[in-house]
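These notes are about the structure you will find just below.
Residue numbers start from 1 in every chain, and the chains themselves are labelled A, B, ... in the order their sequence lines are given, proteins ahead of strands. Bear in mind the structure is a predicted one, so any value in this text is a computation, not a measurement.
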Amino acid sequence: MASKTKVEDINRNIYDIKDKDNYEFKIQKGLSREIVEEISKKKNEPEWMLDIRLKALEAYNKLELPTWGPDLSELKMDEIATYVKPKTNLNTSWDDVPEDIKNTFDRLGIPEAEKKSLAGVGAQYDSEVVYHSIKEDLIKQGVIYTDMETAVREYPEIVKEHFMKCVPITDHKFVALHAAVWSGGSFVYVPENVKLDIPLQSYFRLNSPESGQFEHTLIIVEKGASLHFIEGCSAPKYNKVNLHAGCVELYVKDDAYLRYSTIENWSKNMMNLNTKKAIVGKNAQIDWVTGSFGSKVSMLYPMSILNGEGAKTEYTGITFAGAGQNLDTGFKVIHNAPNTSSVVNSKSISKDGGACTYRALVRISEKAKGSKCSVSCESLMLDDISRSDTIPVNDIETDEVEFSHEAKIGKISDKEIFYLMSRGLSEEDAKAMIVRGFAYPVSKELPVEYAVEMNNLINIELEGSIG
Amino acid sequence: MDKLLEIKDLHVSAQNKEILKGLNLSINRGEVHVIMGPNGAGKSTLANVILNNPQYTKISGKIRFEGENINELKTNEIAKKGIFMSFQSPEEIPGISTLNFLKYAKNKVSDEPVKSFKFRYLLKKYIDELNMNPKLIERNLNVGFSGGEKKKNEILQMLVLEPKLAILDETDSGLDVDAIRTVSKGINMYKNDTNAVLIITHNNKILENLDVDYVHILVDGKIVKTGKRELADEIEKNGYEKYKKVEEE
């Protein structure tokens, strides 16, 4: 058989589009009280928000880097300018968005996606949200969908009650950093009993060298309400290490439903240290659908805290690591009330020496009698030099539970390749089809245009590595 | 006359064990050939090696298709030349519907883009003739199909892809009488003067409604006897003992 061709940098043309570094100002590198105050001042923030930032800065200075997981020594925080403001203010119409920014989004398909009857688009360009729209009928129903800065100004009571309450600022060093310098992000509020039947979506993207991105997503789904929120991320490539430390806080109140879907496709130099948590009320449900692509290092462990009786959560996620990538991801669930249930279906693909780790936590407290938890993780390794590890931690304090954990590690079967090749597919096509099939349980949970994008990402990731 | 497949003195090994030990076989257009033989004689090896399954190593010998040496071609290139194999245990491939897979594969083996209308018309006809549940093709390829449904799906693929040579590797095994009849019907629908069929089988139920030209007995990696239709009946009565002895002498 032909020897394998190793291609370090796959063709990322459509995703790696650099625009000119075009910003109003870029504050000095490194992180100090002055920087945090400057960020807050520039945003005309109320005092209480500045207080949170300064407390977080204190916590950041005290907290150590994690001593476990992937190597983060490459990160030099004092070289990372934390705030880059694009030369545009918030736009309500696509026509008002500046041309170069528009080109980038055009290539990422944002306006098309909106045309396809998506309910609203909030696209983040560097640190500010530049484009935002929401359909009239959502406004009529009392749904609030805006950027975080606007939310702080216009809905201070709601934000105050929830901001950094689901994820405490002392959670870990990067959460503290995030809370100190956060900028941009989405705010969604769905009032009681309002059910949105079309998904809301938002698109994040990094564009400036040496800039971190610290967007904050805050979603509150009130009692009996229902929402599907989609976040898609993709970043262009730069030589210096980039840091992403976003934070997602989700509140799913009693009898409410939230589906939170993400496709992340970070450039291969990105350190993606994201924190996502959901607090789930009585008989409420949160479903996570996650596709993690790209980045040099990812540490990402979405968490569901099932606080109400009968609360449910489902996690469906896929991670794809290629050469030079170390993706450390997993799902955490805390069963804190009786008769709660969780279903975890995690998949990972590694190739060309990439490493995937599934690091998970299941905690079932003494109160959570009658709860159920089922975990399944499957890994696919495309060659002998790639790695896949599973590190589950299960902490179960009551006997009255049903718990199952299943882990499988496999390779692409030669029989399947031969079968498909006998039908005329090249080896490359056959492998791509098998990998897409492996990812299918995740992609079938996504809206069709995102499923297509994920399949395209898989194809791009596989390109050139199979010869 | 019009030679389609020609195999000369073929030696093949798998996991360092020689399985085919000098096999010769010649198939012309318009012919139906049957290969019978005891377990482990090398029947499936022959099917796999014609399609160059990398699990098997060709030690020596030639495989020619339409006069061209196909020894070194990759499996998909051989498929494109017009050789099809129906698998004993078809693989399950999630993530693509059977319908989309059929279209995809048809485009891969065709020189010209497939015409959608004609494709649908023929597909519907084949599905009817094979007594298949029309909803089956909307399901992922072979995923959750019963054994019989998988085998019928192989025959459906054969009809859709229209190969010049179809090799059926124990397609009848594990099927009930009705399903075997349906498979025979599929073979008759496919068969014409310009193509050929090579049927690998253990029993001659599948041959009942077929116009068989040659029956070959494969024992220990070689074809030890070639005859007409009656040879299959003889095997059914007396088994392979007689031919095994010939080998040992």
Side-chain angles (χ1 to χ4, degrees), chain A residues 1-5 289 291 316 318 320 345 347 349 376 378 380 383 408 410-446 448 450-459 461-462 466-467, chain B residues 44 47-57 72-98 100-111 114 139-143 150 153-154 156-158 160-163 166-167 169:
Chain A
M1 298 198 71
S3 67
K4 289 189 173 180
T5 320
V289 181
T316 310
I318 191 157
F320 194 130
N345 188 358
K347 301 204 166 225
I349 302 165
S376 147
E378 273 184 86
L380 187 64
D383 51 49
K408 270 192 256 175
K411 290 183 177 177
I412 290 190
S413 127
D414 292 334
K415 283 181 185 171
E416 287 174 15
I417 294 173
F418 178 62
Y419 183 66
L420 294 176
M421 286 179 78
S422 80
R423 302 302 186 247
L425 279 73
S426 67
E427 187 178 353
E428 193 175 324
D429 288 342
K431 285 188 178 176
M433 186 173 278
I434 294 164
V435 173
R436 285 196 303 269
F438 178 78
Y440 176 68
V442 182
S443 59
K444 79 176 165 54
E445 295 298 324
L446 292 165
V448 67
Y450 282 82
V452 167
E453 184 181 338
M454 198 174 97
N455 279 337
N456 287 340
L457 283 174
I458 290 173
N459 291 344
E461 293 294 333
L462 290 171
I466 297 159
Chain B
S44 284
N48 276 276
V49 88
I50 292 171
L51 275 130
N52 200 6
N53 184 338
Q55 305 288 314
Y56 299 87
T57 312
E72 302 302 323
L73 293 186
K74 287 184 180 162
T75 302
N76 56 313
E77 293 163 342
I78 295 167
K80 207 164 182 265
K81 295 273 175 208
I83 304 183
F84 174 89
M85 170 177 164
S86 162
F87 282 56
Q88 258 189 71
S89 358
E91 299 293 327
E92 299 191 1
I93 310 287
I96 184 160
S97 72
T98 305
N100 283 338
F101 180 75
L102 285 167
K103 277 188 208 162
Y104 190 72
K106 180 70 181 169
N107 273 305
K108 289 283 173 188
V109 298
S110 306
D111 292 324
V114 176
R139 303 227 308 252
N140 283 331
L141 182 60
N142 292 329
V143 178
K150 281 181 185 171
N153 196 24
E154 294 291 284
L156 179 66
Q157 289 177 55
M158 174 186 79
V160 166
L161 299 179
E162 298 175 283
I167 304 167
D169 185 11

State the NZ-CE distance between B:Lys80 and A:Met421, to the nearest 0.5 angstrom.
14.0 Å

So how far is it from A:Tyr419 OH to B:Glu154 CD, rounded to the nearest 0.5 Å?
3.5 Å

Using a cut-off of under 4.5 Å for heavy-atom pairs, which of [options] has the most such pairs with chain A?
options: B:Leu161, B:Val109, B:Asn140; value: B:Asn140
options: B:Ile83, B:Asn48, B:Ile78; value: B:Asn48
options: B:Ile93, B:Val143, B:Asn53; value: B:Asn53

For B:Asn76, side-chain hydrogen bond (donor to acceptor under 3.5 Å, both in side chains) partners two or more places apart
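So B:Asn76 forms no side-chain hydrogen bond (donor to acceptor under 3.5 Å, both in side chains) with any residue.
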
Validation row: B:Phe101, A:Met433 side chains within 4.5 angstrom (heavy atoms):
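Touching, per the 4.5 Å side-chain cut-off.
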
Please rank A:Asp429, A:Leu425, A:Asn455 by heavy-atom pairs under 4.5 Å with chain B and give me the top one.
A:Leu425

Please look at B:Pro90 and chain A and tell me whether the side chain, the backbone, both or neither of the residue comes under 4.5 angstrom of a heavy atom of that chain.
both

With a 4.5 angstrom heavy-atom cut-off, could you sort out which part of B:Glu92 is near chain A: side chain, backbone, both or neither?
backbone

Heavy atoms only: give me the nearest [X]-[Y] pair and the separation to one decimal.
X: B:Asn52; Y: A:Phe418; value: C-CE1, 4.3 Å
X: A:Gly424; Y: B:Lys108; value: O-CB, 3.5 Å
X: B:Ser86; Y: A:Arg423; value: CA-NH2, 4.5 Å

Using the test side chain to side chain contact (heavy atoms under 4.5 Å, CB included), find all partners of A:Ser422 that sit at least two apart in sequence or belong to another chain.
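A:Ser422: side chain to side chain contact (heavy atoms under 4.5 Å, CB included) contacts with B:Leu51, B:Thr75, B:Phe87.
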
Can you name the side chain to side chain contact (heavy atoms under 4.5 Å, CB included) partners of A:Glu445, sequence neighbours left out?
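If we apply the side chain to side chain contact (heavy atoms under 4.5 Å, CB included) test to A:Glu445, skipping adjacent residues, the hits are A:Arg259, A:Val289, A:Thr316.
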
Filtered by a 4.5 Å non-hydrogen cutoff, the part of residues 435-444 of chain A contacting chain B is A:Gly437, A:Tyr440

